[in-house]
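Notes for the one structure printed next.
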Amino acid sequence: MNMNDSTRQSDFIRDIVAEDLKTGKWDGRVVTRFPPEPNGYLHIGHAKSICLNFGIAAENAGGICNLRFDDTNPTKEEAEYVESIIEDVRWLGFDWGEHLYYASDYFEQMYDYAVQLIKKGKAYVCDLSADQMREYRGTLTAPGKNSLHRDRPVEENLDLFERMRAGEFPDGSRVLRAKIDMTHPNMNMRDPVMYRILHAAHHRQGNKWCVYPTYDWAHGLEDSIEGVTHSLCSLEFENHRPLYDWFLDALGVHHPQQIEFARLELTRTVMSKRKLVELVEGGYVNGWDDPRLPTLSGLRRRGYTPEAIRDFLKRIGMNKVVSTVDTALLEHCLRKDLNKRSPRVMGVLRPLRVVIDNYPDGQTDELEAINNPEDASAGTRKVPFSKVLYIEREDFMEEPPRKFFRLAPGREVRLRYAYFITCTDVIKDDAGEIVELHCTYDPATRGGDSPDGRKVKATLHWVSAEHSLPAEVRLYDHLLKDEASADAADWKSNLNPDSLEILTGCRVEPSLAAAPAGSRYQFERQGYFCTDPDSSEDKLVFNRTASLRDTWAKIQKQQKK
RNA sequence: UGGGGAAUAGUGUAACGGUAGCACGACUGAUUCUGGAUCAGUUAGCCAAGGUUCGAAUCCUUGUUCCCCAGCCA
């Protein structure tokens with residue numbers, strides 16, 4: 001990956017890794033892993049974990065980070081998700097080399113380990129139903145009680161477990177449990193389930209198995225088998241750590257250290273899988289890569305850069321505090337990156353026709369425009385100018401309020417890289433709607449500067465009517481409304497009804513004619529845009545990645561108050 | 001009411017017994033052929049109360065608040 005945006009940083013996890021390196025705890029090895037379950041699409045919360053795990057591996061000589069699919073539940077997992085996860089991790093900029101693994105490849109080994117535990121008298125087959133098991137488990141404040149099958153002889157457990165695997169029993173009829181302590185204050189330690197019977201086809205193993213390991217049993221083993229040193233996971237697994245440790249100790253195998261960190265929450269969006277699924281399946285958004293979603297595929301389609309996401313994740317730090325990061329910080333990182341690298345272009349979102357009365361009919365001029373003022377090497381391009389132009393509707397006001405610097409009757413402004421123009425007439429339709437402006441231009445200001453030193457207070461973007469290309473532009477806003485109702489159950493009432501606005505009559509400069517999908521631009525004075533995969537030469541489609549900071553909008557807001 | 005965690009400006013994050021700093025946001029101003037960018041500045045904080053210490057965000061005690069756990073999900 002590109003390391004120049006991941007300068008060395010520190011946090012409590014990296015401190016532990018550094019300390020372990022110093023004491024030689026793992027013989028100088030650093031092995032981490034990113035272990036998604038292939039049951040959905042990755043989002044920026046996952047990216048926090050990805051950057052952490054791959055980042056730590058990259059920062060330490062010889063460090064390794066495995067990409068491991070935690071595919072222990074065939075009823076929820078699909079190959080489609082495996083593909084998308086691989087694509088997203090790559091896109092984010094990380095490389096696992098040879099280290100791509102599947103938990104399901106360890107099923108045989110896990111089974112053998114389970115047999116070992118049975119032989120040690122530390123696991124037993126239990127015939128309790130799910131309902132009964134819940135009863136026996138007790139509650140947060142009351143201890144549980146032992147299953148009547150808890151003291152089954154080893155030989156019987158071995159026999160039953162083998163027959164479970166052989167498919168002799170129906171789903172839900174039996175499980176293999178660890179024999180720990182039904183009165184343990186930590187619920188996870190009350191004889192947790194290690195295997196359940198699931199007659200379901202697995203996306204990689206097919207019908208080879210009908211018993212599947214649970215997370216608690218499988219995860220530590222996966223880490224152990226792969227020689228992981230630091231197993232990093234989110235806060236909700238803190239309560240599982242004693243069990244993670246118990247299993248590995250009971251087996252006497254390599255025992256990685258589990259360390260927990262807080263997952264990422266962002267303002268004005270949703271991050272939980274459950275909610276994302278609800279949005280996608282309920283048709284509130286258009287698929288997993290809807291540009292409004294915080295999924296990596298959504299952010300990619302929206303025009304986010306991996307660099308901006310990594311920079312953001314680096315800035316928010318790593319902690320155990322449950323917190324919600326302001327989306328404004330993500331947007332800041334985005335704009336910072338895009339500002340440096342995006343070619344400038346002129347596009348008019350809501351066109352207003354302007355006729356330059358004193359400009360010769362049929363004449364075309366080509367004006368030189370700077371591609372990126374932040375990057376001299378980006379060079380310049382030619383933009384056509386003619387008698388009939390389009391400017392942004394909101395750049396003209398017939399009765400300009402205080403602090404409105406743009407075009408108004410009798411006022412002179414600059415057309416960027418072109419000429420000074422002065423508004424001489426306003427044409428309206430029967431409904432009183434402004435349909436056209438008449439202006440004059442000053443030929444002496446060609447290129448955008450007045451030889452007499454005359455100043456204007458505004459510079460407008462524009463396109464030549466005849467030369468410009470039609471385009472559709474999709475404007476996005478936050479998924480959630482600003483002031484969110486506190487009712488967590490009714491979270492969908494907080495959805496922002498204006499999160500998507502589609503503009504169809506837009507006009508963009510001709511240089512965009514063959515803009516390939518995914519290419520990013522700054523539409524001057526408007527924001528950052530990228531070409532949507534829906535775009536073609538016949539029909540250009542752009543997504544607004546982010547708007548530019550808009551001081552005038554702020555002033556307007558204040559004036560309204 | 002059991003157990004496990006966490007509390008530092010509006011938000012996120014540093015400080016590891018020795019001047020509470022950084023970033024985002026908000027607000028000023030300068031500058032500008034993008035009301036962009038840039039530059040300069042302002043704003044605002046140690047959950048509470050005790051204790052230890054020459055000295056406490058940091059150590060101790062008590063309390064408060066918030067998060068997680070009763071799937072054969074991960």
Does [N] have its OP1 or OP2 closer than 4.0 Å to a side-chain nitrogen or oxygen of [X]?
X: Arg196(A); N: C73(B); answer: yes
X: Lys314(A); N: U13(B); answer: no
X: Thr72(A); N: A74(B); answer: yes
X: Lys273(A); N: C73(B); answer: no
X: Gln132(A); N: C72(B); answer: no

Atom-to-atom span, NE2 of His219(A) to P of A74(B) - whole angstrom: 11 Å

My understanding is that only residues two or more places apart in sequence, or in another chain, count here; which of them pass side-chain hydrogen bond (donor to acceptor under 3.5 Å, both in side chains) with [X]?
X: Arg393(A); value: none
X: Arg381(A); value: Asn371(A), Glu509(A)
X: Asp375(A); value: Ser377(A)
X: His461(A); value: Glu392(A), Arg525(A)

Sequence-distant partners of Asp449(A), side-chain contact (heavy atoms from CB on, under 4.5 Å), two or more places apart: Arg414(A)

Partner set under side-chain contact (heavy atoms from CB on, under 4.5 Å) for Ser547(A), not counting sequence neighbours: Arg335(A), Arg544(A)

Watson-Crick and G-U pairing of RNA chain B, under 3.5 Å, as dot-bracket with | and [ ]: .((((((..((((....[..))))((((((.......))))))...(((((..]....))))))))))).....

Plane angle bin for Phe529(A) and Phe523(A) - parallel if under 30°, tilted between 30 and 60°, otherwise perpendicular: parallel

From the set [options], return the single nucleotide nearest to any side-chain atom of [X].
X: Lys403(A); options: G35(B), G25(B), U1(B); answer: G35(B)
X: Arg416(A); options: A23(B), U34(B), G35(B); answer: U34(B)
X: Leu140(A); options: G35(B), A26(B), G2(B); answer: G2(B)
X: Arg134(A); options: U11(B), C72(B), A70(B); answer: A70(B)
X: Ala130(A); options: C68(B), A74(B), C72(B); answer: C72(B)
X: Lys76(A); options: A23(B), C73(B), G2(B); answer: C73(B)

Close residues, residues 173-183 of chain A, relative to RNA chain B [heavy-atom separation under 4.0 Å]: Val175(A)

Near-strand residues of residues 452-463 of chain A, defined as heavy-atom separation under 4.0 angstrom from RNA chain B: Thr459(A)

Sugar-phosphate only, base, or nothing, as touched by Leu128(A) at under 4.0 Å among non-hydrogen atoms: base

Listing time: all N or O pairs from protein to nucleotides 5-7 of chain B that are below 3.5 Å?
from  : atom 1 : to        : atom 2 : distance (Å)
G5(B) : O2'    : Glu238(A) : OE1    : 3.2
G5(B) : O2'    : Glu238(A) : OE2    : 3.1

Side-chain-base donor-acceptor pair under 3.5 Å for Asp326(A) and C24(B): no

Face-to-face stacking of Tyr215(A) with A74(B), centres under 5.5 angstrom, angle under 30°: no

Per-nucleotide protein contact string for nucleotides 36-44 of chain B, where B marks a base within reach and S marks sugar-phosphate only (heavy atoms under 4.0 Å, - for neither): BS-------

Test salt bridge (Lys or Arg N to Asp or Glu O under 4.0 Å) applied to Asp88(A) - qualifying residues, sequence neighbours left out: Arg300(A)

